[in-house]
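Just so it is clear, the structure is predicted and the values come from calculations on it, not from any experiment.
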Amino acid sequence: MARRAVTNGFRLVSGIMKFADFVCFKATIPKLQAKDRDGAIAELVSALDKAGRLEKDACNDIIRALIKRENEASTGMGKGVAIPHVKYQAVKDVVAVIGQSDTGIDFSALDEQPVYSVILLISPIDNPDRHLQAMENIFRHLQQEKFRRFLRQCRGPEEVEDLLREADDNPTL
């Protein structure tokens, strides 16, 4: 049995942050309306704002920061996935939201293919370790073709939550 500890408000198993520690399932968007990168980012940040996960009046600044970051280097990692992320002073804890696109979005991905699954991550500036732990978790799972395929097949927030909780419990998913 894995040893569990509580550190900085996050459940850690053997020092690994879980999806359930930072993904806002309430804000999941199973069918993004946006057809472009900037619109998808705005839609996802707005969902986090509506879910009460952002500081008051920070939404537009966070959207601008994410787009600026995206303009510097694409977060489209290829294989249908993008991970827009930014460190921002107006968040207290690491928070992520997941959005799905049926038609695909141009994120200037490394493989030049459209993105169907977007995992947007916002982290506090003053705790880079949490940001790195969350990114490590996301990348570890997204490297697995089976996980990417299951994520793309999710059709509702409950399915996304079920998949991520299963991935937390079974890292080889």
Side-chain angles (χ1 to χ4, degrees), residues 8-11 17-77 80-107 109 115-142 147-148 151-152 154-165 167-168:
N8 295 328
F10 292 105
R11 282 186 346 268
M17 187 184 292
K18 294 184 166 203
F19 280 121
D21 295 327
F22 62 92
V23 173
C24 179
F25 298 116
K26 182 178 167 183
T28 299
I29 302 176
K31 195 168 189 173
L32 287 163
Q33 298 303 304
K35 303 298 179 201
D36 65 4
R37 179 197 74 184
D38 295 357
I41 288 170
E43 196 173 333
L44 289 165
V45 174
S46 294
L48 283 173
D49 191 42
K50 287 178 188 146
R53 296 301 303 267
L54 304 179
E55 293 290 316
K56 184 174 170 44
D57 300 323
C59 187
N60 288 332
D61 288 340
I62 292 172
I63 292 168
R64 281 191 290 275
L66 280 158
I67 291 170
K68 179 180 180 210
R69 161 66 181 87
E70 200 67 36
N71 286 336
E72 292 168 1
S74 173
T75 59
M77 65 176 269
V81 179
I83 311 164
H85 58 278
V86 70
K87 294 176 193 157
Y88 194 78
Q89 74 270 5
V91 295
K92 302 285 187 246
D93 291 315
V94 175
V95 64
V97 61
I98 296 177
Q100 306 281 71
S101 170
D102 288 339
T103 58
I105 298 169
D106 181 4
F107 259 81
V115 163
Y116 298 95
S117 299
V118 181
I119 302 176
L120 186 142
L121 179 71
I122 307 168
S123 302
I125 288 176
D126 62 352
N127 197 331
D129 288 343
R130 284 191 203 167
H131 179 80
L132 291 174
Q133 288 171 346
M135 290 294 286
E136 191 275 331
N137 175 298
I138 293 166
F139 283 123
R140 182 177 65 252
H141 289 288
L142 289 176
F147 178 83
R148 290 190 311 272
L151 180 60
R152 187 169 172 190
C154 290
R155 292 295 169 234
E158 299 82 16
E159 290 181 20
V160 171
E161 182 174 357
D162 288 346
L163 173 66
L164 297 185
R165 288 187 186 280
D168 282 344

What heavy-atom pair brings [X] and [Y] nearest, and what distance separates the two atoms?
{"X": "A109", "Y": "V115", "result": "CB-CG2, 4.5 Å"}
{"X": "C24", "Y": "L48", "result": "CB-CD2, 3.7 Å"}
{"X": "C154", "Y": "E159", "result": "CA-OE1, 3.3 Å"}
{"X": "A27", "Y": "A47", "result": "O-CB, 3.4 Å"}
{"X": "D168", "Y": "A20", "result": "OD2-N, 3.0 Å"}
{"X": "R140", "Y": "E136", "result": "NH1-OE1, 2.5 Å"}

Rounded to the nearest 0.5 Å, what separates atom [atom1] in [X] from atom [atom2] in [Y]?
{"X": "R69", "Y": "I62", "atom1": "CZ", "atom2": "CD1", "value": "15.5 Å"}
{"X": "F107", "Y": "I83", "atom1": "CZ", "atom2": "CD1", "value": "10.5 Å"}
{"X": "T75", "Y": "L66", "atom1": "OG1", "atom2": "CG", "value": "8.5 Å"}
{"X": "L120", "Y": "E70", "atom1": "CG", "atom2": "CD", "value": "9.0 Å"}
{"X": "S123", "Y": "L132", "atom1": "OG", "atom2": "CG", "value": "8.5 Å"}
{"X": "I67", "Y": "R64", "atom1": "CD1", "atom2": "CZ", "value": "9.0 Å"}

Examine distances only and state if a side-chain atom of [X] and a backbone atom of [Y] form a donor-acceptor pair shorter than 3.5 Å.
{"X": "R37", "Y": "D106", "result": "no"}
{"X": "E43", "Y": "Q33", "result": "yes"}
{"X": "N137", "Y": "M17", "result": "yes"}

Checklist entry - Run the side chain to side chain contact (heavy atoms under 4.5 Å, CB included) check on L164 and H141 step by step: do they pass? => result CA-CA 9 Å; L164 297 185; H141 289 288; over 6 Å; no
Could you list the donor-acceptor pairs under 3.5 angstrom formed by side chains in residues 95-102, with sequence neighbours left out?
unit_1 : atom_1 : unit_2 : atom_2 : d
Q100   : OE1    : S117   : OG     : 2.9
Q100   : NE2    : L151   : O      : 2.3
S101   : OG     : T103   : N      : 3.4
S101   : OG     : G104   : N      : 2.9
D102   : OD2    : K31    : NZ     : 3.4

Checklist entry - T28 and E161: side chain to side chain contact (heavy atoms under 4.5 Å, CB included), yes or no, with the steps? => result CA-CA 9 Å; T28 299; E161 182 174 357; over 6 Å; no
Item to check | Partner of K87 by side chain to side chain contact (heavy atoms under 4.5 Å, CB included), out of I122, L121, V94, I125 | outcome: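 Between K87 and the candidates, side chain to side chain contact (heavy atoms under 4.5 Å, CB included) is satisfied uniquely by I125.
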Does some side-chain heavy atom of [Y] sit less than 4.5 Å from a side-chain heavy atom of [X]?
{"X": "V160", "Y": "F19", "value": "no"}
{"X": "L44", "Y": "L32", "value": "yes"}
{"X": "F22", "Y": "Q133", "value": "no"}

Next on the checklist: For H131 and H85, take the angle between the two ring planes, folded into 0 to 90°, and tell me which bin it lands in: parallel under 30, tilted 30 to 60, perpendicular over 60.
Outcome noted: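 Judged by the thresholds at 30° and 60°, the geometry between H131 and H85 is tilted.
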Checklist entry - Can you list the residues that meet the side-chain contact (heavy atoms from CB on, under 4.5 Å) rule with D49, with sequence neighbours excluded? => result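 Here the qualifying residues are L54, C59.
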